[in-house]
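In what follows, every chain begins at residue 1, and chains take the letters A, B, ... in the order their sequences are listed.
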Amino acid sequence: MTDTSTDPAPADAASLHTPVIAWFDEHARDLPWRRPEAGAWGVMVSEFMLQQTPVSRVRPVYEQWLARWPRPADLAAEAPGEAVRAWGRLGYPRRALRLHGAAQAITERHGGDVPSDHAQLLSLPGIGEYTAAAVASFAYGQRHAVLDTNVRRVLARAATGIQFPPTATTAVERKLARALLPDDEATAARWAAASMELGALVCTAKNEDCARCPIAARCAWRLAGKPAYAGPARRGQTYAGTDRQVRGRLLAVLREAVAPVPQSALDTVWHEPVQRARALDSLVADGLVEPLENGLYRLPHS
DNA sequence: GATTCGTGGAA
DNA sequence: TTTCCAAGAAT
């Protein structure tokens, strides 16, 4: 072993927490779902909306939702189609359906309060590994490894020394995240939010700003000379011409409509009849569109 | 484990 | 203009 006593310390757990949390105290964005009045329901709604959708687009829709449905029971009492309509253009509208379903489950099984138990959260529709940990940590201050794309990138760089984490979360990443979790519950929750914010604002996927990073001196990736990503090519997602685009156009028509629309109104959104029919069928299968007996279509009423 | 599922802003 | 990618989940 060579003498590395003059080199910066490697990124062990304790040396990361303090500077990252201190940075967070100074630079955290004032987001509505971080305010105390948001409550667990506000945190949960924001987490659904933030799944693959940027903060800037979520913010206005979030405000509308919380004003209209301040508690889970308020949303649960609505037709699911109203959730889909209010989802607007956030994308991935199945999230709206799942959030509505989660609100119903909370109303029926949890007395109308967002559960604090991780396993109970995980059992709700639309809540997976990340969101369950996020709600438990952000809303209830619990100690969980919150592994979103930001945290995974921060850990990949600071601790592992690679530019990007693997495509899907691995067991190795989970183990690392747990090992780096502060022992104290409140500190762990703070660390989760802080490390995520660092990835969102400074340690970004493109154009990372190491000059503003509180742990740049201990970052394994930077110390290694920031080697380029060596893993498999991350194939870009084409969109034009896909079923997803057709589904999006079909649903846009139904969101704007105040009454059920005829087939002919849906036919105008796409020229190719086979793909058009396949997309509509898939929307019906997903429960996002409700076909009526008279050949009309609408957002789901039940 | 690989695919599918929207949308729009920025580089 | 094209490409990247943004607090993932479900299958």
Side-chain angles (χ1 to χ4, degrees), chain A residues 24 28-29 31-34 38 42-62 84 87-99 101-102 121-139 144-155 163-171 173 177 189 192-201 203-208 229 232-255 269 278-279 281-283 285-289:
Chain A
F24 185 61
R29 291 167 292 180
L31 301 172
W33 44 87
R34 284 180 178 162
V43 171
M44 182 174 146
V45 170
S46 77
E47 291 303 336
F48 270 75
M49 293 181 171
L50 288 163
Q51 291 167 1
Q52 301 287 281
T53 303
V55 166
S56 60
R57 290 173 51 207
V58 164
R59 193 193 293 254
V61 182
Y62 169 88
V84 175
W87 197 253
R89 306 188 67 81
L90 286 181
Y92 294 148
R94 291 188 291 191
R95 292 182 293 166
L97 225 44
R98 291 169 183 157
L99 181 49
L121 286 166
L122 199 54
S123 74
L124 295 172
I127 294 192
E129 176 185 359
Y130 161 75
T131 303
V135 172
S137 181
F138 301 156
H144 293 282
V146 181
L147 274 177
D148 81 316
T149 186
N150 291 306
V151 175
R152 294 179 61 219
R153 187 173 55 249
V154 169
L155 297 186
Q163 186 178 20
F164 296 119
T167 306
T169 306
T170 65
E173 287 182 274
S195 56
M196 187 176 306
E197 189 78 336
L198 185 65
L201 298 184
C203 192
T204 48
K206 294 195 293 188
N207 303 117
E208 71 281 354
Y229 178 70
R234 301 172 297 167
R235 47 182 274 275
Q237 39 182 333
T238 56
Y239 179 64
T242 62
D243 285 8
R244 296 161 78 176
Q245 183 182 25
V246 185
R247 284 166 55 104
R249 289 188 180 185
L250 290 170
L251 211 54
V253 171
L254 294 171
R255 275 199 313 264
V269 308
R278 183 174 66 233
D281 284 349
S282 72
L283 286 171
D286 287 347
L288 285 164
V289 172

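- For the C1' atoms, the distance linking C:dG8 with B:dG1 amounts to 16 Å, nearest Å.
- Separation of the P atoms belonging to C:dA7 and B:dT3 is 23 Å when rounded to the nearest angstrom.
- The backbone N or O of A:Val269 sits less than 3.5 Å from a side-chain atom of A:Arg249, completing a donor-acceptor pair.
- Atom CD of A:Glu47 and atom CG of A:Asp148 lie 8.5 Å apart (nearest 0.5 Å).
- Counting any heavy atom pair closer than 4.0 Å across all strands shown, A:Ala205 reaches sugar-phosphate atoms only and no base atom.
- With sequence neighbours excluded, the residues forming a side chain to side chain contact (heavy atoms under 4.5 Å, CB included) with A:Ala192 are A:Ser137, A:Phe138, A:Val146, listed by chain and number.
- Looking only at atom types and distance, the side chain of A:Arg57 has no donor-acceptor partner in the side chain of A:Tyr62 under 3.5 Å away.
- Side-chain contact between A:Leu288 and A:Arg247 is present, with at least one heavy-atom pair separated by less than 4.5 Å.
- For A:Thr167, there are no side chain to side chain contact (heavy atoms under 4.5 Å, CB included) partners two or more places apart in sequence or in a different chain.
- The C1' atoms of B:dT7 and C:dT11 are separated by 23 Å, rounded to the nearest whole Å.
- Counting non-hydrogen atoms under 4.0 angstrom, A:Trp33 reaches a base of the nucleic acid.
- The backbone N or O of A:Gly199 sits less than 3.5 Å from a side-chain atom of A:Arg153, completing a donor-acceptor pair.
- Using modelled atom types, one finds a donor on one side chain and an acceptor on the other under 3.5 Å when comparing A:Arg95 with A:Thr53.
- Legend: residues meeting salt bridge (Lys or Arg N to Asp or Glu O under 4.0 Å) with A:Glu197, ordered by chain and number and at least two apart, are A:Arg29, A:Arg34.
- Atom C1' of B:dG8 sits at a distance of 15 Å from the matching atom of C:dT1, rounded to the whole Å.
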Reading nucleotides 1-9 of chain B from 5' to 3' and marking B where a protein heavy atom lies under 4.0 Å of the base, S where only the sugar-phosphate is that close, and - otherwise, the string is --S-BBBS-

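- Taken residue by residue, residues 121-131 of chain A places heavy atoms nearer than 4.0 Å to DNA chain C at A:Pro125, A:Gly126, A:Ile127, A:Gly128, A:Glu129, A:Tyr130, A:Thr131.
- Contacts between chain A and DNA chain C, taken as any atom within less than 4.0 angstrom of a protein heavy atom, begin and end at C:dC4 to C:dA10.
- Base contact: A:Arg29 has a heavy atom under 4.0 Å from a base atom.
- There is a side-chain donor-acceptor pair under 3.5 Å between A:Gln51 and A:Thr131.
- You'll find the side chain of A:Arg89 reaches within 4.5 Å of the side chain of A:Arg255, heavy atoms only.
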